[in-house]
Amino acid sequence: RFIVLSHTNGYRTTYGHLDTVSVKVGDQVRQSDVIGTVGSSGDIERPLLHFSLEQEGIALNPVNFF
């Protein structure tokens, strides 16, 4: 399970390996809204969040935004 959020200026964030998803396509979310819970999937043996950030389809290093 994963969620992709579209942000302003062409940014997109992806959250993967989720246990639950609390939003649906078309929902608008705000900072601090719960969008899902961390889980495990595939070969992952413990809960883990996969996070990625891109702008206009180009992958960015999230460290630069925290």
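Across V34 and V23, no two heavy atoms sit closer than the pair O-CG1, 4.4 Å. The two residues S40 and R46 have their closest heavy-atom pair at CB-O, 3.6 Å. In terms of heavy-atom proximity, H17 sits nearest to L48 at CB-O, 3.2 Å. In terms of heavy atoms, F2 sits closest to G16 at CB-CA, 3.8 Å.
Note: the hydrophobic cluster containing V25 does not contain V4 (ILVMFWY, side chain heavy atoms under 4.5 Å, direct or indirect links). When the side chains of ILVMFWY residues are joined at heavy-atom separations under 4.5 Å, either directly or via intervening members, V63 and Y15 end up in two distinct hydrophobic clusters.
Within the model, atoms CD1 of I35 and CG of L18 stand 7.0 Å from one another, a figure rounded to the nearest 0.5 Å. Between the OG1 atom in T13 and the CG atom in L60 there is a gap of 11.5 Å [rounded to 0.5 Å]. Atoms CZ and CG, on R1 and D19 in that order, are 6.0 Å from each other to the nearest 0.5 Å. In this structure, L53 CG and F65 CZ are separated by 5.0 Å, a value rounded to the nearest 0.5 Å.
Distance alone, capped at 3.5 Å, places no donor-acceptor pair between the N9 side chain and the Y11 backbone. Judged by distance alone, the side chain of T14 and the main-chain N or O of S52 form no donor-acceptor pair under 3.5 Å.
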